[in-house]
A.B. asks: 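My questions will all concern the structure given below.
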Amino acid sequence: KVKPFVESFGLDAQEFAKKMDEFTSFNDFFSRELKSEARPIADDRDAVVFPADGRHLGFQDLSKVKHVFVKGQSFDLDALLGNADLANRYRNGSAVLSRLCPTDYHRFHFPVSGFATEPKLINGSLFSVNPIALRKNIGIFWQNKRYLSFIRDSAVGNVACFLVGATCVGSVNITSPLPTLVKKGEELGYFRFGGSSVLTLLEKGAVKLSADLLDSTASGIELYAKM
């Protein structure tokens, strides 16, 4: 199943840490590791990187979410974080939604360096996170099963990272020995089969999102980019 999948979707097998005949199952291939040089990480101390390969939406000010979702929907930080005081820290902050598809590399990484906390499970449903579903109901992000970890004392303040489960992806596997100091680009964990999302929240004024990400989002289009 692996070789036809790789050929059908034009994946670069040269990036894989294993050879195609070394995978023990399709799930083993799905959660594959890549060679260390496959994803160079921006070394600028102040640069924040995407936590995963995928299709991304970026909002400079989360309180002004529009265009992409059904009119009238707001981003409910209180429900997402489960704590109003905590939500206030990100009320006018920035957010990047990174959506992974079955063809993507399914390991996720730290977007910044700092002290990462142990992920906290917030239980919930496993609704689909495909773009049609999200446009109709952005609330999927705070209704679905998710893990929350903070990266504290980074170059851009305290960063909140949500690992969001979805249909066929109830299994979120953490590989980093948290809590611990982490380096930007190091592996945090991986999803099993399906497609899911990583949601990154940054405090007000901490970052300036790239123009291409903002322009795509304003047009209601996800921007494909590797981590």
Side-chain angles (χ1 to χ4, degrees), residues 8-11 39 42 47-81 87 89-109 111-112 122 124-148 156 159-169 172 191 193-227:
S8 178
F9 291 101
L11 305 185
R39 296 290 181 273
V48 180
V49 298
F50 287 121
D53 287 8
R55 292 137 190 84
H56 311 276
L57 296 171
F59 304 96
Q60 188 64 51
D61 183 345
L62 197 49
S63 69
K64 298 177 181 177
V65 171
K66 56 184 179 180
H67 295 305
V68 176
F69 306 106
V70 171
K71 188 176 180 180
Q73 292 191 83
S74 59
F75 209 97
D76 192 340
L77 279 173
D78 298 74
L80 180 68
L81 288 153
R89 299 184 193 176
Y90 300 96
R91 192 76 64 193
N92 297 99
S94 302
V96 176
L97 312 182
S98 303
R99 188 177 65 84
L100 290 70
C101 288
T103 53
D104 291 320
Y105 164 62
H106 261 68
R107 293 188 176 243
F108 40 82
H109 298 250
V112 292
I122 304 173
S125 303
L126 289 172
F127 296 119
S128 171
V129 294
N130 74 58
I132 297 172
L134 286 175
R135 279 179 171 81
K136 291 180 178 178
N137 179 21
I138 192 177
I140 287 170
F141 281 116
W142 47 90
Q143 294 164 6
N144 271 18
K145 174 182 177 181
R146 58 201 181 277
Y147 290 83
L148 169 61
V156 292
V159 179
C161 295
F162 282 95
L163 311 169
V164 184
T167 306
C168 300
V169 201
V172 176
F191 294 112
F193 186 75
S196 200
S197 298
V198 181
L199 170 57
T200 308
L201 301 181
L202 303 112
E203 296 169 309
K204 181 182 179 180
V207 296
K208 182 178 180 181
L209 299 184
S210 63
D212 55 349
L213 177 60
L214 292 174
D215 290 345
S216 292
T217 303
S219 300
I221 300 170
E222 295 170 312
L223 176 71
Y224 177 77
K226 295 177 181 178
M227 56 165 285

A.B. asks: If you look at every heavy atom in Leu201 and Ala95, which pair is closest and at what distance?
C.D. replies: CD2-CB, 3.7 Å

A.B. asks: Nearest 0.5 Å, please: how far is OG in Ser94 from CG in Asp61?
C.D. replies: 7.0 Å

A.B. asks: Would you indicate whether the side-chain heavy atoms of Val172 and Phe191 approach each other to under 4.5 Å?
C.D. replies: yes

A.B. asks: Kindly compute the distance separating CG (Asn92) from OG (Ser63), expressed to the nearest 0.5 Å.
C.D. replies: 4.5 Å

A.B. asks: In chain order, what residues pass the ring pair (Phe, Tyr, Trp, His ring centres under 6.0 Å) check against Tyr90, with sequence neighbours excluded?
C.D. replies: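 By the ring pair (Phe, Tyr, Trp, His ring centres under 6.0 Å) rule, Tyr90 matches no residue at all.
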
A.B. asks: Are the side chains of Val48 and Val159 in touch, meaning some heavy atoms are under 4.5 Å apart?
C.D. replies: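 Not in contact.
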
A.B. asks: Calculate, to the nearest 0.5 Å, the distance between atoms CG and CG belonging to Leu62 and Leu80 respectively.
C.D. replies: 8.5 Å

A.B. asks: Say you draw a straight line from OG of Ser98 to NE2 of His56; how long is it, rounded to the nearest 0.5 Å?
C.D. replies: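 The distance works out to 4.5 Å.
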
A.B. asks: In Å, rounded to the nearest 0.5 Å, how long is the span from CG of Leu100 to OG of Ser197?
C.D. replies: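 Going from CG on Leu100 over to OG on Ser197, the span is 7.0 Å.
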
A.B. asks: Are the side chain of Gln60 and the backbone N or O of Val207 linked by a donor-acceptor pair below 3.5 Å?
C.D. replies: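 Between the backbone of Val207 and the side chain of Gln60 there is a qualifying donor-acceptor contact (under 3.5 Å).
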
A.B. asks: Can you check whether Thr200 reaches Phe50 side chain to side chain, under 4.5 Å on heavy atoms?
C.D. replies: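 No, their side chains stay 4.5 Å or more apart.
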
A.B. asks: A side-chain contact here means heavy atoms from C-beta on lying under 4.5 Å apart; do Pro51 and His109 qualify?
C.D. replies: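 Not in contact.
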
A.B. asks: Return each pair, listed once, that meets salt bridge (charged side-chain N to carboxylate O under 4.0 Å, His left out) where at least one residue sits in residues 48-58; pairs must be two or more places apart or across chains.
C.D. replies: Arg39-Asp53, Arg55-Asp104

A.B. asks: Run the salt bridge (Lys or Arg N to Asp or Glu O under 4.0 Å) test against Lys208 and tell me which residues pass, sequence neighbours left out.
C.D. replies: none

A.B. asks: Can you find a heavy atom in the side chain of Asp78 that is under 4.5 Å from one in the side chain of Arg91?
C.D. replies: yes

A.B. asks: What closest approach, in Å, do Ala160 and Leu148 show between heavy atoms, and which atom pair accounts for it?
C.D. replies: CB-CD1, 4.1 Å

A.B. asks: Does the side chain of Phe59 reach to within under 4.5 Å of the side chain of Leu97, using non-hydrogen atoms?
C.D. replies: yes

A.B. asks: Okay, side chain of Thr217, backbone of Leu57: is any donor-acceptor separation there less than 3.5 Å?
C.D. replies: no

A.B. asks: Measure the spacing between OH of Tyr147 and CG of Leu163 and express it to the nearest 0.5 Å.
C.D. replies: 9.0 Å

